[in-house]
**Q** 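Quick one: the structure is below, and I'll ask about it shortly.
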Amino acid sequence: MSDRSLLVGALIALLSALLLWSLWRNGYLPYRLVPLKLFTPGEWWNPGTGGGPRTIEGSDALTVYEALLFGLLTYGCGRIGNFSELFRRHVVSRGQPFLAVAAAVAAGLTQLLVWKETLPVVRPVLVLVAAVAGGEIYQSQTVVNVIYALIAAAVLYPFARLGRWRALIAARRSGSTPATADNTPDPATATSADRWPELRAAGWTDAADTLTAEVRTGRMNDVDVARLRHAWALATRSPDRLAPLAEAVLRTGGAAALHPSGHRDLPRRTARHDVLTGQVRIGRCAEDPHNPYARRSTGIALDPTLLGTSLLAVGPPGAGKSARLVRPVVEALGLRALAGQAALLAVGGAGAPLGPDDAFDVVVRVGNPASAHDLDLYGGTTDPDEAAAVLAEGLVGDVGSLDSRRAATVLAQLLGPYRAAHGHFPSVPELRELLDGSPQALAGLRATLEAAGQHPMLRELEARTRQAGGPGDPAPALADRVALLDRPAFAGFFATGPDAHPFALRSLGQYPLRVRVDLPERGHAEASRLLTRLLLAQFTAITATRTDTTLFACLVLDDATHAVTAETVRGIRRLRSVNAGAVLALRTVDDVPEALHTPLLGAVGCTAAFSGITTWDGKRFAEAWGKEWVETREVAQHTVFADQPFTRALHALRKLVTGKAVTTDAVTVRQVERERWSASELAYAVPAGHAVIRLATVEGEHAPPLLVELSG
């Protein structure tokens, strides 16, 4: 139920109860005393159904009767108006001390109304006590004071329970802050999870007691709990690792099994996270007829089971893709990396809101001389064929007239001989010379191979020499693309050789790293797109070949313009089977080659259309999301022709008075198939700060496209 419906319902119930009580007190309800007269002596009452009390006993009975009816009316008003949900949502959810203060204010107001006898409490209690103990009991002022004190305490007790005053006082004395209702677990769950039953079941009671004390004293955060649970789950698969982990817990407590960076949390969180489940909240479903009724006003979050199907976000600049979707996802993956459960590669332009430097283990600033890390163009592989295939995809994968397989063959004919001769792959200037067919470079490489006796590699090099300059030779196009990286701004980057130590993307499949790559989009846009395409190709190739898939690996591209190729689309489709995913942000679907529009939308399981997209983009999303069966009602009005003279006269009179002929409505109800969201609705009906998001899990569960109000 929405907040508006809840507040309106409570107000209507309260006004209805006040009206009924006013009618009762002023005697406007008939037969109101009949039930009381049926169970009391007749001499207590005046004659008639509306006759009032005649004796003091009748007055006392009426006082108790009114108190009982007031209690029933209050209970019914509370249930009908759903006041408990209103109190939980708007008071309890704010936590302490707001809850205690609100309960105290309500208690003070109620006490005032009780002692002003606006609420029928004091007199009915006094009447009942006199009926049980006799009226002589009120001759003692001490007894009267005790009764008054008990009444005040009884009125105060429910508010003390609602405000949780006892827990607040105990927390203040111990120096801690009581938890709010939203994060207070169920008592049974708190008892089992707080005491680390998995450790106790394995016999490590001392380690469980240590972690229990750490949690209860606030020395562990949610990342520590998730990290230790994951470490224990991994240790149970290798029994020889249980003892070292338990000893580390006894020695360092919640700091055991730390992330290699030594960090236990991110420097700053901008979104709401549930680290134990890996979820990050991105917004809530809007109150819109397109959303199913059960989904309206409910929160929506992303987790690895959704990101494992990959996510495509499309929206114009300023729509909120980076701040409201990409940044929360990067934060969530960073937290999971600190818990040892994920590896993250975030790629964006310099200055993109992907998080501070302290939130990452490796920060590569391409083209910045102050960068502490370099980038390996070959992804850390030692196989020339694999390096050639990935590099060809990054260099010319977006050129439709070139076959990337032929380009990979050309690169393999050069990378293999060079590595055999020098023990490493060529640097960017050397690779450019080889692709240009420089006689000096080829002669030097040939001489080195002959001296080393590398005859198979000599045949590869000779084959490249024979094919150079032929029709359809991709070497010139490859050389032109490599020339984009052979610029003074990139001098010193992409180094190879024994003295070079660039960051290799292959380590993402082995360690829970948090990596950010800043690209020089402003001064070198084409080079940035080339590197983005290369990183996407390397990521899909590396994750597909890893053997240990327990670590969730995710690539986040803040701008995937011209980065998607036919081969990477096939690679994205394979990610869900190897516990990996990709998040791609585009300004428009036209940033992808037209032939790949349908394959890309079919390869990703999660799609998001932000406000401001064009009708052309909306059409593609509408086709991808399909249609649904809806019930339509068509009303047709038909003129009624009367057969009888009197009926015709009545119809004529009615037409004279109303100016309209007498008609009858013909209603037709039928099932039709319509698009869930049309192209025009996606282009013009999505408000600012909203997005239409369709989600699917790696298990195959899916939700219809939902209009989501993004929270940022």
Side-chain angles (χ1 to χ4, degrees), residues 375-488 490-500 502 504 526-527 530-531 533-534 537-538 541 565-568:
L375 191 64
D376 189 353
L377 291 180
Y378 306 100
T381 183
T382 58
D383 185 359
D385 293 330
E386 181 181 350
V390 175
L391 186 58
E393 195 65 32
L395 292 176
V396 295
D398 62 328
V399 181
S401 59
L402 283 180
D403 187 357
S404 60
R405 290 174 294 182
R406 289 196 62 187
T409 302
V410 170
L411 287 171
Q413 290 172 343
L414 296 174
L415 297 181
Y418 190 94
R419 179 171 179 80
H422 300 282
H424 58 82
F425 291 121
S427 61
V428 169
E430 294 168 335
L431 179 60
R432 181 183 179 183
E433 290 182 355
L434 293 174
L435 289 171
D436 281 333
S438 172
Q440 295 82 2
L442 293 175
L445 180 57
R446 186 179 297 107
T448 305
L449 291 173
E450 290 175 351
Q454 294 285 349
H455 299 291
M457 292 303 172
L458 276 172
R459 288 195 300 270
E460 285 282 291
L461 187 60
E462 293 300 333
R464 170 86 290 268
T465 305
R466 290 193 304 269
Q467 296 171 3
D473 183 19
L478 290 170
D480 292 341
R481 289 300 178 89
V482 173
L484 295 174
L485 303 179
D486 189 18
R487 304 297 302 161
F490 303 129
F493 275 86
F494 319 119
T496 59
D499 297 331
E526 284 299 325
L530 187 152
L531 292 174
R533 192 163 51 249
L534 177 62
Q538 287 183 357
T565 64
E567 185 60 33
T568 54

**Q** Write down the atom of L485, the atom of A527, and the distance for their closest heavy-atom approach.
**A** CD2-CB, 4.1 Å
**Q** Given L534 and V390, is the side chain to side chain contact (heavy atoms under 4.5 Å, CB included) satisfied, shown in steps?
**A** CA-CA 7 Å; L534 177 62; V390 175; 4.1 Å; yes
**Q** Between CG of D486 and CG of D480, what distance do you get to the nearest 0.5 Å?
**A** 12.0 Å
**Q** Heavy atoms only: give me the nearest G416-M457 pair and the separation to one decimal.
**A** C-SD, 3.7 Å
**Q** Taking NZ, NE, NH1 and NH2 as the nitrogens, is one of them in R446 or E462 under 4.0 Å from a carboxylate oxygen of the other?
**A** yes
**Q** Could you tell me the separation between the CG atom of D383 and the CZ atom of R419, rounded to the nearest 0.5 Å?
**A** 9.5 Å
**Q** Supply the atom-to-atom distance Q413 CD to T465 OG1, rounded to the nearest 0.5 angstrom.
**A** 9.0 Å
**Q** Counting C-beta onward and ignoring hydrogens, is there a side-chain heavy-atom pair between D473 and R464 closer than 4.5 Å?
**A** yes
**Q** Tell me, please, which residues at least two apart from R487 pass side chain to side chain contact (heavy atoms under 4.5 Å, CB included).
**A** F490
**Q** To the closest 0.5 Å, what do you measure between CG (L484) and CD (E526)?
**A** 6.5 Å
**Q** Closest heavy-atom contact between L478 and A407?
**A** CD1-O, 3.8 Å
**Q** I'd like to know whether R432 forms a side chain to side chain contact (heavy atoms under 4.5 Å, CB included) with L435, so could you lay out the CA-CA distance, the side-chain angles of the two residues, the decisive distance to 0.1 Å, and finally the verdict.
**A** CA-CA 5 Å; R432 181 183 179 183; L435 289 171; 5.9 Å; no
**Q** Is it the case that E567 and S404 place a side-chain donor and acceptor less than 3.5 Å from each other?
**A** no
**Q** Name all pairs fulfilling the ring pair (Phe, Tyr, Trp, His ring centres under 6.0 Å) condition that reach into residues 401-421, sequence neighbours left out, sorted by first residue then second.
**A** Y418-H422, Y418-H424
**Q** Looking only at heavy atoms, which two atoms of P417 and L461 are closest? And how far apart?
**A** CG-N, 4.2 Å
**Q** Counting distance only, does the side-chain N/O of T381 pair as donor-acceptor with the main-chain N or O of A387 below 3.5 Å?
**A** no
**Q** Looking only at heavy atoms, what is the nearest atom pair of A421 and L449, with distance?
**A** CB-CD2, 3.8 Å
**Q** State whether the side chain of Q538 and the backbone N or O of L377 hold a donor-acceptor pair below 3.5 Å, judged by distance alone.
**A** yes
**Q** Determine the minimum heavy-atom distance between G380 and A504, stating which atoms define it.
**A** CA-CB, 3.6 Å
**Q** Distance check, rounded to the nearest 0.5 Å: T496 atom OG1 versus L431 atom CG?
**A** 9.5 Å
**Q** Does a side-chain heavy-atom distance below 4.5 Å link L434 with L442?
**A** yes
**Q** How about L530 and D398: do any of their side-chain heavy atoms sit closer than 4.5 Å?
**A** no
**Q** Are any side-chain N or O atoms of Y378 and backbone N or O atoms of P384, one a donor and one an acceptor, separated by less than 3.5 Å?
**A** no
**Q** Rounded to the nearest 0.5 Å, what's the gap from CG on D376 to CZ on F425? Could you check?
**A** 8.5 Å
